[in-house]
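Structure record follows, encoded as structure tokens.
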Amino acid sequence: MERAQGQLEAEMQNLEEEKNRVIEEAFIRAESEMKAVHENLAGVRMNLLSLQPALRTLTSDYNCLKRQVQDFPFMLDKAITEAKREICQVISEVSSTNQELLRKYKREMNLRKKCHNELVRLKGNIRVFCRVRPVSQEEQDSADSKTMLSFDSEDDAILYLSNKGKTMTFELDKVFSPQATQEEVFQEVQSLVTSCIDGFNVCIFAYGQTGSGKTYTMEGVLDDPGINQRALRLLFSEVTEKAPDWDYKITVSMVEIYNETLRNLLGENPTDKLDIKMNPDGSGQLYVPGLTEFVVQSPEDINKVFELGHMNRATACTNLNEHSSRSHALLIITVSGFNASTGNRTQGKLNLVDLAGSERIAKSGAEGSRLREAQCINKSLSALGDVINALRGKHSHVPFRNSRLTYLLQDSLNGDSKTLMMVQVSPLPNNMSESVCSLKFAQRVRSVELSLSSSFSRRHENSSTSSSPTHDSVELDSPPVTPVPLPISRASSAGSTLSSASRTPSISRRRSQSQLSTDRQVDRASPLVGDGGQDD
């Protein structure tokens, strides 16, 4: 019992000591926590003291905003009144300067027109471009496929031609390589196209031997159109931009010169022959009675016009070209404009000409009616060369009336008209003689200054008779054509001021010679020997 009592007392003492230790630790911990609480309380007290100024600032801002909201209706009325006063002042200033702005607008329009005209004039009234067609896959596979033409890497107006061991250099206004696209070609001619909107007569014609790419350049294909369609689309775009101030009307005619006979490609009967007469209004201008005109207002109208014209055009097959055109095709676009604010009127004409080329009879294999067609083609191109030589030599008489082609283009080959010749050449060696003749003729054309002969041209035009010249050659038969009706609006078929072409009796030849003599005459008649019909 004593031992147990002693153990119990020892345990009680241990427990008492443990209790005292735990109580002491708890007290220390409670004292530490109490100290932390006191510190937090002091921080909160300091925060409260610092928030009192911010609260006073917010109260002041709130009172200020409250006063501004109360004053807002008065301030709004004051601002509206001031804005009305300023607007009335501006309207008054615009009204007082309206006449001055209109005068400046007229002056600016005239200045723009003069500057554009001067730009084209400085580049040359007759500008000459050259386009080299690419070599086809069939031609590449042949033995004679070496290209005889080369280009200057630093000057896009220089063309080199290797012929018989010699290198000839031709300097033109622009040379397009076989890689040039239709868009690149049109970018160079579009400034001329827009000139007709300002009232100028413009002529763009393709010249070269058969198969050199004339029709492709002028007409193109369905998914890559040529100059003709792109020009009309550009005209539509330009007149649309000027629509608020100007009212324009665009009319289109298509004429074919086949065997020295004018044919209406858009008429119901294309085989009917047209004549060229003096306009009865006393203006001294020539026109073609009965020529069909269509008012075009959209690209769809353009496609219908071209479709009908292509259906009625005369083509045939020769040794040089499977679809050689046997005539000169002219797309005549007339743009008439009226400015209601100024009362100004303008009328310009754009002639887009796809020329047939002369043919070397032995090379083309033309016989029968094809031979007679070639003879007429050569004579008309020879007349074009005579006109160019007369203009270049500043002769007192320019023989426009020697051919219907030159007579039809008379108003675009003299005076302040704008003319562009697109000479097409083939790079193949077997076409080098034709290419040389084409390029030499192109250089002669490039040296012509039209403005120097304008006064004579007007006198010559005013002194012309009311009917076209007669010619003593026998009537040549025309190939059969099938007219196609065109379901678009038609303008008056008369009254278009067209310059036309005919021939004088002094240059007409009798065809009673032998076949050999005729062949030699055909080869001599053209300004470019060996140039051929048309390129499809």
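- Rounding to the nearest 0.5 Å places CG of Leu291 at 6.0 Å from CG of Leu274.
- Between Arg446 and Met421, every side-chain heavy-atom pair lies at or beyond the 4.5 Å cut-off.
- Side-chain contact between Phe170 and Gln443 is present, with at least one heavy-atom pair separated by less than 4.5 Å.
- The local environment of NZ in Lys242 is crowded, with over 12 non-hydrogen atoms from other residues, nucleotides or ligands closer than 6.0 Å.
- Using a 4.5 Å cut-off on side-chain heavy atoms (C-beta onward), Val135 and Pro427 make contact.
- Looking at Leu405 and Leu355, their side chains come closer than 4.5 Å, going by heavy atoms from C-beta outward.
- Heavy atoms only, all atoms of each residue included: Val423 and Ala442 are closest at CG1-CB, 4.0 Å.
- A distance-only check finds a donor-acceptor pair linking the side chain of Arg131 to the backbone of Ala180 [under 3.5 Å].
- Side-chain N or O atoms of Thr251 include none that pairs as donor or acceptor with a backbone N or O of Val295 at under 3.5 Å.
- Side chain of Ser382 to backbone of Asn378: no donor-acceptor contact under 3.5 angstrom is found.
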- prompt: For Val193 and Ile204, what are the C-alpha separation, side-chain angles and deciding distance, and is it a side-chain contact (heavy atoms from CB on, under 4.5 Å)?
  reply: CA-CA 9 Å; Val193 173; Ile204 301 174; 4.2 Å; yes
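- Smallest separation of non-hydrogen atoms from Glu184 and Phe176: O-CE2, 3.9 Å.
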- prompt: Going through the checks in order, is the side-chain contact (heavy atoms from CB on, under 4.5 Å) test met by Leu408 and Leu262?
  reply: CA-CA 10 Å; Leu408 189 62; Leu262 282 179; 4.3 Å; yes
task: Apply side-chain contact (heavy atoms from CB on, under 4.5 Å) to the pair Gln229 and Asn303, showing each step before the final yes or no.
output: CA-CA 8 Å; Gln229 286 205 37; Asn303 294 333; 3.3 Å; yes
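- Taken from CD1 in Ile250 to CG in Asp301, the straight-line distance is 10.5 Å, to the nearest 0.5 Å.
- By the 30° and 60° cut-offs, the orientation of the rings of Tyr248 relative to Trp246 is parallel.
- Rounding to the nearest 0.5 Å gives a distance of 10.0 Å between CG of Leu428 and CE of Met148.
- Atom CG of Asp224 and atom CD of Gln182 lie 4.5 Å apart (nearest 0.5 Å).
- Side-chain contact check for Tyr216 versus Val221: some heavy-atom pair is nearer than 4.5 Å.
- Contact record, Leu350 with Cys196: CB-SG, 4.2 Å, taken as the closest heavy-atom pair.
- Of all heavy-atom pairs between Ile302 and Arg233, the closest is CD1-N, 4.5 Å.
- Between the side chain of Arg133 and the main chain of Gly211, a donor-acceptor pair closer than 3.5 Å is present.
- A donor and an acceptor atom, one from each side chain of Ser177 and Gln179, are located under 3.5 Å apart.
- Between Pro399 and Thr406 there is no side-chain heavy-atom pair separated by less than 4.5 Å.
- A donor-acceptor pair is defined here as one N or O able to donate and one able to accept, closer than 3.5 Å; such a pair exists between the side chain of Arg230 and the backbone of Pro225.
- In this structure, Asn264 and Gly290 approach most closely via the heavy-atom pair ND2-O, 3.5 Å.
- Taking 4.5 Å as the limit, some side-chain heavy atom of Leu330 sits within range of a side-chain heavy atom of Leu409.
- Between Lys418 atom NZ and Asp198 atom CG the span is 10.0 Å, to the nearest 0.5 Å.
- Glu238 and Thr194 share no donor-acceptor pair across their side chains, judged by distance under 3.5 Å alone.
- The heavy-atom pair separating Val185 from Ile227 by the smallest distance is CG1-CD1, 4.4 Å.
- Using a 4.5 Å heavy-atom threshold, the side chains of Asp156 and Val175 count as separate.
- The main-chain N or O of Ser212 is found under 3.5 Å from a side-chain atom of Gln424 such that the two form a donor-acceptor pair.
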task: List the steps, then state whether side-chain contact (heavy atoms from CB on, under 4.5 Å) holds for Gln209 with Ser426.
output: CA-CA 8 Å; Gln209 70 177 105; Ser426 168; 4.0 Å; yes
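- We find the CG-NZ distance between Leu381 and Lys379 to be 13.0 Å, quoted to the nearest 0.5 Å.
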